[in-house]
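No hydrogens, no waters, no symmetry mates; every other heavy atom, side chains included, goes into these values. Computed from a predicted structure; not experimentally measured. Start at 1 and go down the list; that is how both ligands and their atoms are numbered. Counting begins at 1 with the first residue of the sequence.
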Amino acid sequence: MLLDLKLAARSGLSREERAMARKSGKPKSRRKRPSGMDLEKAVKKTRKFSRPYAVGDGRKFRLKDVDPADTAGFGSEAKPAAREALQIGVETLAKLQDILYAQDRWSLLLIFQAMDAAGKDGAIKHVMSGVNPQGCQVASFKAPSSEELDHDFLWRCNKQLPERGRIGIFNRSYYEDVLVVKVHQELLEGSKLPRRLIKKNIWENRYRDIRSYERFLANNGVVVRKFFLHVSREEQKRRFLERIENPDKNWKFSASDAKERECWKDYMRAYEDMIRQTSTEESPWYVVPADNKWFTRLVVAAAVVDTLHSLGLGYPKMGPEKIRELAEVKKALLAEK
Ligand code: AMP
Ligand code: MG
């Protein structure tokens, strides 16, 4: 109900129409929301934005082949059309999430990785803006606590996996253990891993363990999709300066972010290796151009819609007994004085 009202407010209804919506508990939407055939159309319309950025089998992947400023031929004059496509994506996502939740079988895990200021938080906020918060769980992973360091690197993430019927979002993840930890190997030395296990092949082992873990998740109905928001070094600089100059954005910036920037090349190498080693057909990476926030959000929304649609979700079908029961309750309700 609350969400319906929010949607009504956003859909540009008049005050009268909104009042009616409030009374009936249902908004009278001017624009039909995607359902039935509309859903198919909406999926088709958005799919073309995500597919080109899905890596699948990563063995031939090269980071230099993806331009962070790419907008799939959309110039800035096409921004309104892109915004409309994003709106369609967000609404379709909400519709599919409702079915995912009702069906209560699959869960979807969305993993976000990126350099600082690439737009992870904004993408998560915008793409998930239409979904029912009950069906969505977000977890952020920072430098590990001493309790977390007392366990294997998958432990803290495993505890946060989405329940069936839910969408889980990881803002950073176990992939940090082949990114920041690989770039700053002293973190490994400082961890509680037995010395003997800190060898050259540790990264290969971690990639393999991640592949196995994600296969395990897939075999158990957890669908994993991974997003690397690929921002350029120049655009990061611009956004850092904005965070410093705008007092409302100061909180987003820390001097250590600028320090990590010095290791840009090492990070890019680590990202490329990670994608090559852990992108699979069943758990692909999307390498999303991130110099234009509006485009990043569109690609992510489209990928989530495409993924949910591919599951062939449907509302649970009621058996004859349940249908009989509903008919009886309906009769009793109508007979009430
Ligand atoms: P933010 O997401 O900007 O709040 O930053 C979180 C910080 O935690 C980033 O600098 C990450 O690199 C860091 N971080 C996340 N996971 C790990 C990890 N496993 N080991 C070390 N640092 C991590
Ligand atoms: Mg940060």
Side-chain angles (χ1 to χ4, degrees), residues 109-128 137-161 168-194 197-198 202-210 213-214 224 226-231 233 235-244 246 248-275 277-278 285 288 290 293 296 300:
L109 174 62
L110 307 174
I111 295 180
F112 289 85
Q113 289 291 159
M115 297 299 283
D116 280 303
K120 278 186 285 115
D121 296 27
I124 293 168
K125 190 163 98 183
H126 281 81
V127 171
M128 304 311 284
Q137 302 161 328
V138 186
S140 301
F141 298 96
K142 313 263 175 195
S145 67
S146 59
E147 189 196 13
E148 288 167 349
L149 284 174
D150 255 340
H151 297 271
D152 65 86
F153 74 94
L154 292 172
W155 181 78
R156 63 177 181 162
C157 296
N158 200 55
K159 287 202 300 184
Q160 304 273 9
L161 287 176
I169 295 172
F170 282 1
N171 187 343
R172 306 186 189 273
S173 65
Y174 44 85
Y175 280 106
E176 290 291 329
D177 290 89
V178 292
L179 291 167
V180 64
V181 181
K182 194 178 182 197
V183 171
H184 299 284
Q185 300 216 7
E186 65 277 12
L187 291 172
L188 255 189
E189 313 289 336
S191 78
K192 293 178 76 177
L193 203 61
L197 300 179
I198 304 180
I202 187 165
W203 310 114
E204 298 305 316
N205 287 341
R206 287 190 171 186
Y207 296 136
R208 201 181 49 231
D209 291 340
I210 289 173
Y213 178 63
E214 290 179 353
V224 183
K226 302 160 316 202
F227 299 92
F228 168 48
L229 306 193
H230 185 26
V231 74
R233 194 158 185 265
E235 178 62 18
Q236 190 200 49
K237 179 176 167 181
R238 213 189 53 71
R239 292 184 190 174
F240 276 177
L241 288 172
E242 194 184 327
R243 287 178 178 192
I244 292 166
N246 180 347
D248 291 350
K249 292 194 174 183
N250 284 174
W251 66 274
K252 285 191 182 184
F253 187 77
S254 84
S256 66
D257 294 349
K259 195 120 197 66
E260 289 313 287
R261 185 177 157 75
E262 290 168 16
C263 309
W264 191 272
K265 272 203 176 132
D266 294 337
Y267 270 110
M268 291 307 113
R269 210 170 298 127
Y271 272 111
E272 185 174 87
D273 285 347
M274 171 194 84
I275 292 162
Q277 294 283 346
T278 61
W285 274 100
V288 186
K293 289 177 182 174
T296 309
V300 174

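Both tests hold for Arg206 against Phe153: distance to the six-membered ring centre under 6.0 Å, angle to the ring axis within 45°.
Residue contact annotation: Gln113 has no non-hydrogen atom under 4.0 Å from ligand 1.
When Lys259, Arg172, Arg156, Lys252 are ranked by how near their heavy atoms come to atom 16 (N) of ligand 1, first place goes to Arg156. Among Lys120, Lys142, Met115, the residue whose heavy atom sits closest to atom 15 (C) of ligand 1 is Lys142.
For ligand 1, the polar-atom distance check against Val180 finds no nitrogen or oxygen pair separated by under 3.5 Å. Of the N or O atoms in Asn171, none lie within a sub-3.5 Å distance of an N or O in ligand 1.
Counting atoms of ligand 1 from 1 in the listed order, those under 4.0 Å from a heavy atom of Phe141 are 15 (C). Using a 4.0 Å cut-off to heavy atoms of Ala143, the atoms of ligand 1 that qualify are 8 (O), 13 (C), 14 (N), 15 (C), 17 (C), 22 (N), 23 (C).
With respect to Asp116 and Arg172, a salt bridge is recorded, a charged nitrogen being found less than 4.0 Å from a carboxylate O. Note on Lys252 versus Asp121: no salt bridge recorded, every NZ/NE/NH1/NH2 to OD/OE distance being 4.0 Å or above. Contact check on Arg239 versus Glu235 returns a salt bridge, with a Lys/Arg side-chain nitrogen under 4.0 Å from an Asp/Glu carboxylate oxygen.
Below 30°, between 30° and 60°, or above 60°: for Trp285 and Tyr175 the angle between ring planes is above 60°, a perpendicular geometry.
Counting heavy atoms closer than 4.0 Å to ligand 1, residue Leu179 contributes nothing at all.
Between Asn171 and the options Gln113, Lys120, Lys142, a side chain to side chain donor-acceptor pair (under 3.5 Å) holds for only Lys120.
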